[in-house]
Amino acid sequence: TSHEVSPGRAMQGRDSAFVAWFTASCDNTSEFYETEIASVLSPSFSMVPPSGNVVPAQMLNERLKSAYGVHSEHGITIEIKNVEVLSGSGFRHLLRYEEWQRSGSPAKETARVSTAFFQESEGCGPNNLLWIHVHETWMPGKSPS
């Protein structure tokens with residue numbers, strides 16, 4: 001059986017959960033973190049950020065937990081654009097999207113293009129999709145430096 005994943009469904013709510021966490025506009029509780037962020041990451045999740053270093057799930061969770069409120073002074077906005085389903089087979093899906101962020105004072109805009117691999121899994125976050133892997137690359141002229 002093949003299931004279609006709408007691009008919007010795949011990314012629904014991800015940016016708002018991270019913004020709430022990074023700006024401390026949510027409670028700093030393990031319940032919020034587990035429900036809104038960690039519950040959508042596979043135990044075998046890994047990501048490759050623009051630096052090129054592989055970050056496994058445990059390390060990412062440690063970094064994210066310690067980043068609570070890191071943007072509380074000047075805020076951050078995260079906008080997901082141009083989401084495309086590259087491939088979908090059965091319960092697995094490969095998407096590409098752009099992630100645009102504005103933060104700091106004065107505000108600096110960064111942008112990355114990412115590919116993400118998902119697996120459908122009942123009870124994982126608001127959209128029943130488990131993140132398996134993400135690979136990010138800075139868009140031309142949009143890195144922080």
Side-chain angles (χ1 to χ4, degrees), residues 3-89 92-121 123-145:
H3 297 182
E4 262 188 60
V5 168
S6 76
R9 175 181 155 222
M11 304 308 292
Q12 174 189 3
R14 293 301 81 220
D15 50 350
S16 59
F18 284 108
V19 167
W21 187 256
F22 293 148
T23 60
S25 60
C26 63
D27 291 332
N28 185 2
T29 62
S30 58
E31 181 183 357
F32 179 91
Y33 185 84
E34 294 299 324
T35 302
E36 299 297 325
I37 297 174
S39 70
V40 300
L41 300 178
S42 164
S44 62
F45 176 84
S46 64
M47 75 176 291
V48 179
S51 67
N53 299 313
V54 177
V55 180
Q58 182 180 348
M59 184 184 298
L60 179 65
N61 277 310
E62 290 169 6
R63 288 179 182 176
L64 287 173
K65 285 178 186 176
S66 68
Y68 178 81
V70 71
H71 290 287
S72 59
E73 188 176 348
H74 299 291
I76 184 172
T77 59
I78 300 173
E79 186 177 359
I80 305 299
K81 299 180 182 181
N82 301 318
V83 181
E84 300 173 75
V85 177
L86 300 178
S87 178
S89 176
R92 295 189 173 108
H93 310 280
L94 183 65
L95 276 69
R96 178 173 47 226
Y97 60 93
E98 296 172 9
E99 180 179 319
W100 293 73
Q101 296 185 9
R102 279 186 78 77
S103 62
S105 178
K108 171 83 173 143
E109 184 175 64
T110 62
R112 61 195 89 196
V113 62
S114 301
T115 52
F117 183 62
F118 299 92
Q119 179 174 317
E120 293 186 33
S121 184
C124 290
N127 50 28
N128 293 322
L129 290 172
L130 195 60
W131 292 64
I132 306 297
H133 182 75
V134 174
H135 192 125
E136 302 177 326
T137 303
W138 291 122
M139 294 180 66
K142 291 296 181 180
S143 69
S145 51

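- Partners of Ser143 according to the side chain to side chain donor-acceptor pair (under 3.5 Å) rule, which considers only residues two or more places apart in sequence or in another chain, do not exist here.
- Within the model, atoms OG of Ser87 and CZ of Arg96 stand 12.0 Å from one another, a figure rounded to the nearest 0.5 Å.
- In terms of heavy atoms, Pro56 sits closest to Val54 at CD-O, 3.7 Å.
- The OH atom of Tyr68 sits 6.5 Å away from atom CG of Asp27, with the distance rounded to the nearest 0.5 Å.
- Here Lys81 pairs with nothing under the side chain to side chain donor-acceptor pair (under 3.5 Å) rule; sequence neighbours left out.
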**Asked** So Leu129 and Glu120, side-chain contact (heavy atoms from CB on, under 4.5 Å) or not? Walk me through it.
**Response** CA-CA 5 Å; Leu129 290 172; Glu120 293 186 33; 3.5 Å; yes
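- Of all heavy-atom pairs between His93 and Gly88, the closest is ND1-CA, 3.7 Å.
- None of Val113, Ile80, Thr110, Val134 except one satisfies the side chain to side chain contact (heavy atoms under 4.5 Å, CB included) rule with Glu99; the exception is Ile80.
- Within the model, atoms CZ of Arg112 and OH of Tyr97 stand 8.5 Å from one another, a figure rounded to the nearest 0.5 Å.
- Closest non-hydrogen pair, Thr23 versus His71, comes out as CG2-O, 3.8 Å.
- Counted within 6.0 Å of CD on Glu34, heavy atoms from surrounding residues, nucleotides or ligands total more than 12; the atom is thus considered enclosed.
- Note on ring orientation: taking the six-membered ring where Trp is involved, the planes of Trp21 and Phe32 are parallel (angle under 30°, cut-offs 30° and 60°).
- Atom NZ of Lys142 and atom NZ of Lys108 lie 7.0 Å apart (nearest 0.5 Å).
- At least one donor-acceptor pair under 3.5 Å links the side chain of His133 to the backbone N or O of Ser46.
- When all heavy atoms of Trp138 and Ala111 are compared, the pair lying nearest together is CE3-O, 3.4 Å.
- Here the closest heavy-atom approach between residue Leu130 and residue Leu41 is recorded as CD1-C, 3.6 Å.
- The CH2 atom of Trp131 sits 8.0 Å away from atom CG of Leu95, with the distance rounded to the nearest 0.5 Å.
- A distance-only check finds a donor-acceptor pair linking the side chain of Ser66 to the backbone of Arg63 [under 3.5 Å].
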**Item:** side-chain contact (heavy atoms from CB on, under 4.5 Å) evaluation trace for Leu64 with Tyr33
**Value:** CA-CA 9 Å; Leu64 287 173; Tyr33 185 84; 3.4 Å; yes
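- One distance of note links CD of Gln101 with CD of Glu109; it measures 10.0 Å at 0.5 Å rounding.
- The nearest pair of heavy atoms linking Ser103 to Ile76 is CB-CG1, 3.8 Å.
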